[in-house]
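Shown next, in structure tokens, is the structure this report addresses.
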Protein chains: 2
Amino acid sequence: MGKQNTTVHEVAKRTGVSIATVSRVVRGVGQVSPETRQRVQEAIAELGYRPSRFGRALVERRHSALGIVFPGLAGPYYSEVIQGFEAEAVTARQSVLIFGTHLLEQSEDQVLDMASRVDGMAIMGGTLSNECVQTLIDQEVPIVLLARHPMPNVPTVRVENTQSTRDITLHLLTTHGYDPIYFIGNPTGSPDTTDRWEGFVAAHRQVGREPGALIRVGFQQADGVWAISQILEAGELPRAIVCANDEIALGVHAALTARGVRIPEQVALTGWDDIPMARLIAPALSTVCQPTRELGSQTAKLLLARIKGELDEPPDVVLPTEVIIRQSCGCTHEAATNGQRSF
Amino acid sequence: MGKQNTTVHEVAKRTGVSIATVSRVVRGVGQVSPETRQRVQEAIAELGYRPSRFGRALVERRHSALGIVFPGLAGPYYSEVIQGFEAEAVTARQSVLIFGTHLLEQSEDQVLDMASRVDGMAIMGGTLSNECVQTLIDQEVPIVLLARHPMPNVPTVRVENTQSTRDITLHLLTTHGYDPIYFIGNPTGSPDTTDRWEGFVAAHRQVGREPGALIRVGFQQADGVWAISQILEAGELPRAIVCANDEIALGVHAALTARGVRIPEQVALTGWDDIPMARLIAPALSTVCQPTRELGSQTAKLLLARIKGELDEPPDVVLPTEVIIRQSCGCTHEAATNGQRSF
DNA sequence: ACGTTTACTGTAAACGTTTACTGTAAGCGT
DNA sequence: ACGCTTACAGTAAACGTTTACAGTAAACGT
């Protein structure tokens with residue numbers, strides 16, 4: 001709204017009716033005679049009138065907008081989740097305000113600011129400190145946690161991480177007999193990764209082995225490359241690598257390929273997310289598929305219900321994931337399967 | 001703001017002062033005796049009062065927020081631009097509302113909606129139809145175009161595309177003598193790509209040759225993979241490939257490597273953007289570096305000036321780019337240079 | 001002692017909507 | 001002709017701020 005020039009009053013004066021009538025025409029409610037409606041609509045068109053969000057929001061006491069705060073990392077995963085969220089919001093005639101923290105610490109103020117522009121917000125992953133989330137709760141901002149560990153009395157939507165990562169790690173350990181297996185990712189960087197690391201450890205315990213080394217890096221392709229250089233600098237390559245997500249795995253794949261290391265003959269590899277590129281590299285990446293889009297849409301649904309006050313007992317929705325076996329783990333093309341559903 | 005319970009009135013009543021005084025304390029302007037200030041601040045803390053955006057925005061007639069609409073594609077380029085934009089906005093104490101169109105057509109309504117929540121907006125690339133932009137202009141929404149061809153009377157920020165793409169193409173054509181050279185990307189998909197394709201064609205004309213084939217695909221890694229399968233299906237590989245961006249080049253790189261095609265011995269390759277992964281693949285990617293972050297920050301600066309009405313003649317800012325020669329074009333490590341600045 | 005400045009605080013009018021309530025005239029059944 | 005319903009339209013009071021203006025008391029200079 002550039003200048004916000006025209007108001008109901010001007011439309012009313014021009015048409016010779018009261019502002020109440022104009023308001024009724026604009027919103028299509030109440031009773032207005034066809035000819036009056038017609039005249040008002042003409043005046044609206046001529047003057048280019050658009051109702052001010054200010055006035056409307058003030059009296060309606062709501063913004064008709066949802067917020068989502070996410071780490072702001074590039075990559076198809078985040079993009080997909082947000083699309084799912086938006087799609088659901090749009091059908092409920094709500095706008096979506098996106099805020100990417102870029103993993104910066106000083107973003108608390110900005111989050112609070114966003115809270116004053118929306119009717120409720122979704123908080124994705126470990127983007128915000130628990131104190132910050134608590135502040136939001138104290139201010140009675142309706143929130144739902146997305147891909148984050150639940151907090152008391154807050155609805156949560158996430159995917160099953162531990163069991164599926166345990167399964168895929170067990171696949172490497174027992175089906176293929178690999179040893180040692182490294183984990184690349186930062187378990188303290190996101191709740192999802194925390195759980196995946198836990199699954200990785202659980203698999204090793206289950207077969208009575210010590211978990212392999214943890215290479216603690218970020219979430220992007222470049223981090224995967226960096227991890228490999230770290231590993232090589234430190235000594236030998238492991239027999240297999242479990243990556244916290246596909247982006248890292250893509251970086252690892254590129255780095256290993258660049259150095260002539262053969263996957264999976266020398267080093268086997270798995271990812272997480274099943275992004276489009278996963279099936280396009282050679283060998284195709286064994287990974288875990290999560291319902292990314294549904295994650296977003298479920299979150300939006302819950303948030304909308306929360307705002308309406310329809311949520312009695314805040315649920316902790318855990319969506320199922322699926323281990324996808326391709327070739328990077330060492331399976332042959334024929335053996336590859338899209339089966340094992342976790343949770 | 002969940003319930004937006006407390007108002008100035010309650011704080012005022014509790015403290016025994018008028019709402020004007022409360023307002024003065026909150027905003028830190030005007031004269032208030034230290035002890036009154038103290039009492040008011042205590043009441044504010046106790047009641048957890050936070051001023052309502054509604055009321056404030058209504059009387060101040062501004063949102064204190066900037067909007068940015070972008071394609072919503074995954075990848076570090078967009079992420080960087082937005083970070084630059086946000087950084088600048090934050091220093092001007094403005095919030096940023098992000099809207100990703102996801103290249104969907106039906107987004108006009110949502111853009112208009114966003115326009116009613118911000119004081120001005122940046123429009124990135126070919127995300128919006130010209131009609132839609134014109135609607136915004138007609139509604140006197142302050143806008144600035146980002147990585148898009150200028151429109152009359154609208155400030156624009158973009159980077160130099162044509163000349164640098166011509167330069168890097170000429171490098172392949174003359175320094176290396178490659179022929180034929182293909183172009184992978186969609187010239188109608190974004191204004192940047194339009195200009196890059198133009199530079200590609202210009203280079204060929206300049207040496208009296210016909211431009212090689214255009215493989216029209218999207219902007220992501222998967223599109224690069226797909227392009228290679230298309231090319232192979234159609235017949236021979238070209239001697240070199242110019243990609244519209246680094247993401248595509250990464251996909252092409254992965255696809256060629258997977259098929260055992262040697263880069264640059266059999267097929268040389270260049271990208272655009274100089275994303276972090278560009279230098280990390282083997283051979284390192286020759287590309288064009290653009291000041292991504294500055295693109296975002298300049299845009300925000302211009303937008304802020306535009307909103308304040310400080311912009312007399314809307315400028316068309318074109319930021320310089322730089323050809324980065326690494327090894328994927330066929331240069332040896334020694335020959336690699338970070339020199340040739342375009343524009 | 002008196003006018004003038006100074007420091008502080010309050011009153012009330014915006015800002016642009018929505019909406020409960022009231023008013024008016026026409027239509028209708030008897 | 002009379003009362004009752006119905007369809008339409010207007011009045012005015014919110015909603016939660018900011019801010020121009022006015023008011024009051026103390027301090028100060030002469």
Side-chain angles (χ1 to χ4, degrees), chain A residues 1-41 43-44 47-65 93 113 115-117 119 139-140, chain B residues 1-41 43-44 47-65 93 113 115-117 119 139-140:
Chain A
M1 205 111 317
K3 297 286 161 298
Q4 181 50 46
N5 19 27
T6 16
T7 72
V8 260
H9 293 95
E10 299 177 47
V11 177
K13 189 186 292 180
R14 176 126 172 180
T15 328
V17 299
S18 73
I19 57 166
T21 303
V22 176
S23 176
R24 281 189 275 256
V25 170
V26 168
R27 312 202 355 237
V29 301
Q31 318 217 38
V32 181
S33 77
E35 67 220 67
T36 307
R37 177 185 312 277
Q38 171 78 11
R39 292 216 324 281
V40 172
Q41 278 167 340
I44 287 174
L47 295 169
Y49 167 75
R50 280 180 62 93
S52 149
R53 264 251 144 49
F54 299 136
R56 183 174 284 186
L58 186 57
V59 56
E60 285 183 342
R61 322 185 70 156
R62 62 187 146 85
H63 301 265
S64 304
R93 332 205 93 248
D113 182 286
S116 72
R117 296 177 188 277
D119 300 320
Q139 288 187 13
E140 299 189 61
Chain B
M1 206 105 323
K3 297 286 159 299
Q4 181 50 46
N5 19 28
T6 17
T7 72
V8 261
H9 293 95
E10 300 176 46
V11 178
K13 187 187 294 180
R14 176 127 171 178
T15 328
V17 299
S18 73
I19 58 166
T21 303
V22 175
S23 176
R24 281 188 275 257
V25 171
V26 168
R27 313 206 355 249
V29 302
Q31 318 216 36
V32 181
S33 78
E35 66 219 70
T36 307
R37 177 185 311 278
Q38 171 77 13
R39 292 215 326 281
V40 172
Q41 277 167 340
I44 288 175
L47 295 168
Y49 166 74
R50 280 181 62 93
S52 150
R53 262 252 142 51
F54 299 136
R56 184 174 282 186
L58 185 58
V59 56
E60 286 182 342
R61 322 186 70 153
R62 62 188 146 83
H63 300 265
S64 303
R93 333 204 93 248
D113 183 286
S116 72
R117 296 178 187 276
D119 300 320
Q139 288 186 14
E140 300 189 61

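Side chains are part of it too, since the values below use all heavy atoms of this structure and drop only hydrogens, waters and symmetry mates.
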With a 3.5 Å cut-off and sequence neighbours excluded, list the donor-acceptor pairs that the side chains of residues 21-29 of chain B form with protein atoms.
{"unit_1": "Thr21(B)", "atom_1": "OG1", "unit_2": "Ser18(B)", "atom_2": "OG", "d": "3.4"}

When all nucleic acid strands are considered with a 4.0 Å heavy-atom cut-off, which category describes [X]: base, sugar-phosphate, or nothing?
X: Val17(A); value: sugar-phosphate
X: Ser23(A); value: base
X: Arg24(A); value: base

Exercise for the section: Report yes or no: does Arg117(A) contribute a side-chain atom to a donor-acceptor pair with the main-chain N or O of Ala65(A) at less than 3.5 Å? Expected result: no
Grab the [atom1]-[atom2] distance between [X] and [N] for me, whole Å please.
X: His9(A); N: dT11(D); atom1: NE2; atom2: P; answer: 11 Å
X: Arg50(A); N: dT17(C); atom1: CZ; atom2: C1'; answer: 15 Å
X: Lys13(A); N: dG16(C); atom1: NZ; atom2: P; answer: 13 Å
X: His63(B); N: dC15(C); atom1: NE2; atom2: P; answer: 16 Å
X: Ile19(B); N: dA12(C); atom1: CD1; atom2: P; answer: 11 Å
X: Ile44(A); N: dT17(C); atom1: CD1; atom2: C1'; answer: 13 Å
X: Arg117(A); N: dT17(D); atom1: CZ; atom2: P; answer: 15 Å
X: Arg53(B); N: dG16(C); atom1: CZ; atom2: C1'; answer: 18 Å

With respect to the phosphate group of [N], does any side-chain polar atom (N or O) of [X] fall under 4.0 Å of OP1 or OP2?
X: Arg27(A); N: dT19(C); result: yes
X: Arg61(B); N: dG16(C); result: yes
X: Ser18(B); N: dG10(C); result: yes

Fill in the blank from the handout: On DNA chain C, more 5' by nearest nucleotide between Thr21(A) and Gly55(B) is Gly55(B)
Practice task
List the steps, then state whether side chain to side chain donor-acceptor pair (under 3.5 Å) holds for Thr15(A) with Arg39(A).
Solution key: CA-CA 6 Å; Thr15(A) 328; Arg39(A) 292 216 324 281; over 6 Å; no
Taking the minimum atom-to-atom distance to the side chain of [X], which one of [options] wins?
X: Val32(A); options: dT11(D), dA9(D), dT17(D); result: dA9(D)
X: Ser33(A); options: dT17(D), dA9(D), dT19(D); result: dA9(D)
X: Pro34(A); options: dT18(D), dC8(D), dT19(C); result: dC8(D)
X: Gln31(B); options: dA7(C), dA7(D), dT17(C); result: dA7(C)
X: Thr36(A); options: dT18(D), dT19(C), dA9(D); result: dA9(D)

Problem - For Glu60(A), all residues meeting side-chain hydrogen bond (donor to acceptor under 3.5 Å, both in side chains), sequence neighbours excluded - result: none
Completion exercise
Walking DNA chain D from its 5' end, the first of Leu58(A) and Val26(B) to be reached, judged by nearest nucleotide, is Leu58(A)
Problem - Side-chain touch Val8(B)/Tyr49(B), heavy atoms, less than 4.5 angstrom - result: yes
Handout entry: dC28(C) - base-pair partner by Watson-Crick or wobble geometry, distances under 3.5 Å
Key = dG3(D)
Exercise for the section: Under a 3.5 Å limit for both distances, which nucleotide forms a Watson-Crick or G-U wobble pair with dC28(D), could you say? Expected result: dG3(C)
Problem - Minimum heavy-atom distance between Val11(B) and Ala43(B), given as atom pair plus value - result: CG1-CB, 4.0 Å
